[in-house]
There are 2 protein chains.
Amino acid sequence: MENKCMLCNYKSVAETKLTEAELGELSCNCLTVSFKKGDSIIRQGTYSTNVAYLKSGLAKIHIEGPYHVQVVRIVKPANYLGLPTTFGDKVNQYSVTAVENSEVCFIDITYFRKLLTLNHDFSNQIIVELCKGEIESYQKCVNRTQKQVRGKVADVLLDFSDNIYRSDKFVVQINQEDLGNLVDASRESVSRVLNDFSREGIIRISGKEVEILNKEMLQMISKHGW
Amino acid sequence: MENKCMLCNYKSVAETKLTEAELGELSCNCLTVSFKKGDSIIRQGTYSTNVAYLKSGLAKIHIEGPYHVQVVRIVKPANYLGLPTTFGDKVNQYSVTAVENSEVCFIDITYFRKLLTLNHDFSNQIIVELCKGEIESYQKCVNRTQKQVRGKVADVLLDFSDNIYRSDKFVVQINQEDLGNLVDASRESVSRVLNDFSREGIIRISGKEVEILNKEMLQMISKHGW
DNA sequence: CAGAGAATGTGATTTGTATCACAATTTTAT
DNA sequence: ATAAAATTGTGATACAAATCACATTCTCTG
């Protein structure tokens, strides 16, 4: 039997700490599933029996709020999709949906737990990632609640450019409604700000493609919140 | 030498998983410090060299936002104060301040790391707590951004009553300014809502003491966001 | 390729809450 | 005990953004 996890080019940082033998056993306890854009990967309120890991594509994590959905964050490949929801509670506390066509590995939770006890470098890396995630979520929340819409939209554009797509030019796969849910703004406000930025020569929009023309200005807007 | 950590009545859930020997060694790697109300326990931007743990009292975690401070959460005894900030980054990403006179144990980070590798029940519990913390922070953020001030103030009152003080009658040690920073509202709005609740017979206020008279109503207001 | 449905653009109106300004009260230090 | 400082209460005003109501433009799908 081949060691498919060892040959996999999309390992998480934690998985690079695993031995050949551990990766071999992981291969037997892991199932890769393809999802189409828009497909639900994890559903809030259902039982969580596997650790989900995004191998390729793009996904959004979202929670049901008192008024409307909130997109908590966008997850790019080589990251776990639902560690907190899998370990913190028996029932999933949030939903995950594919934003682009994606491949997701489902790792058996029992084996994942075993890995945590077997390999300290692995468990250490998981802890570090959880810590980083929490700090990031604090930071995101401050931005969301204190900045005004222009600042928040500037934030997402910079995040897309610097972290998600790693390019000044990218195709946004998320509609303005969801963009609004991600930064806590209405669909209409997102539309207005995006067009304002375009008119001001900060970005160029053609269809779903966005090009950042003046990153310094975006950073200014992001920093000062307007 | 006495095993002070073993005799300690304020162990974290994770610490209850430690063996007698481990607790003994912990005693040698842990220092208890007293803080007065208002004292700074951890300062954002400084190096983090210890894991902080709240033994008694009450503390608030807060971050510097673009406009003003945001109180991220209130921590009650037998909980770690800065796991994410200690493990996620070399530099503290948030500040912690004593809300009441408090005792804090500072655990040497090297020994804490050693404990994580030595005792799987311990590290597992830490992971579970980190996961719960992240989910909680998502939930808090949704509430903060989607509910209006009445709903958010109802939320804190319920949190104080159900989780922090575990009583329908308690003395709020946080002023309205900070209460505002905790729920993202202005000091004036908090004052108005608190007095509205009082006039409506939902709570009774005398000085810093608050008594919840109609918890069902508060839950209604919290749930519906107004 | 036409027609339906989804997504986006844009003005007018409404609204919740921040901000300002100051009074009143409580707490703290001398 | 008393002045000073901090905290709280409350009206008036300002303002950012949500909501509403359509128009327009994309994008599937039969």
*asked:* For residues 40-68 of chain A, which residue pairs pass the salt bridge (charged side-chain N to carboxylate O under 4.0 Å, His left out) check, not counting sequence neighbours?
replied: A:Lys60-A:Asp178
*asked:* A side-chain contact here means heavy atoms from C-beta on lying under 4.5 Å apart; do A:Leu130 and B:Cys131 qualify?
replied: yes
*For B:Glu100, what residues pass the side chain to side chain contact (heavy atoms under 4.5 Å, CB included) criterion, not counting sequence neighbours?*
B:Leu58, B:Tyr165, B:Gln173
_Leading and trailing nucleotides of DNA chain D with any atom under 4.0 Å from heavy atoms of chain B_ = D:dT7 to D:dA12
_How bent is the helix from C:dC1-D:dG30 to C:dA29-D:dT2, measuring the angle between the end axes built from five pairs each, rounded to 10°?_
50°
*What parts of residues 168-181 of chain A reach DNA chain C, counting only heavy atoms under 4.0 Å away?*
A:Asn175, A:Gln176
*Quickly work out the B:Asp196 CG to C:dG16 P distance and round it to whole Å.*
13 Å
*Please identify each residue that fulfils side chain to side chain contact (heavy atoms under 4.5 Å, CB included) with A:Ala52, with sequence neighbours left out.*
A:Ile42, A:Leu81, A:Val104, A:Phe106
_With sequence neighbours excluded, residues passing side chain to side chain contact (heavy atoms under 4.5 Å, CB included) with A:Val156_ = A:Phe160, A:Leu182, A:Val183
*Would you check if the distance from the ring center of A:Phe112 to the ring center of A:Tyr80 is below 6.0 Å?*
yes
_Please confirm whether the shortest side-chain N or O distance from A:Ser191 to OP1 or OP2 of C:dT8 is below 4.0 Å._
no
*asked:* Does the protein touch nucleotides 17-25 of chain C at the base, only the backbone, or not at all? Give it as B, S and - per nucleotide, heavy atoms under 4.0 Å.
replied: SSBB-----
*With sequence neighbours left out, write down each residue that passes side chain to side chain contact (heavy atoms under 4.5 Å, CB included) with A:Lys215, or none if nothing qualifies.*
A:Leu158, A:Ser161, A:Asp162, A:Asp168, A:Ile212, A:Gln219
*Is there side-chain contact between B:Phe197 and B:Leu218, with heavy atoms separated by less than 4.5 Å?*
yes
Donor-acceptor pairs under 3.5 Å, side chain of residues 185-196 of chain B to any protein atom, not counting sequence neighbours: which ones?
unit_1   : atom_1 : unit_2   : atom_2 : d
B:Ser186 : OG     : B:Ser189 : N      : 3.2
B:Ser186 : OG     : B:Ser189 : OG     : 3.0
B:Asn195 : ND2    : B:Ser191 : O      : 3.1
B:Asp196 : OD1    : B:Arg199 : NH2    : 3.2

*Heavy atoms, side chains only, cut-off 4.5 Å: are B:Val128 and B:Val13 in contact?*
no
*Kindly write out the residues that satisfy ring pair (Phe, Tyr, Trp, His ring centres under 6.0 Å) with A:Phe35, not counting sequence neighbours, or none if the list is empty.*
none
_Residues that A:Glu103 engages under side-chain hydrogen bond (donor to acceptor under 3.5 Å, both in side chains), provided they are two or more places apart_ = A:Ser56
*Go through the side-chain N and O atoms of B:Ser137 and A:Ser137 and say whether any donor and acceptor fall under 3.5 Å apart.*
yes
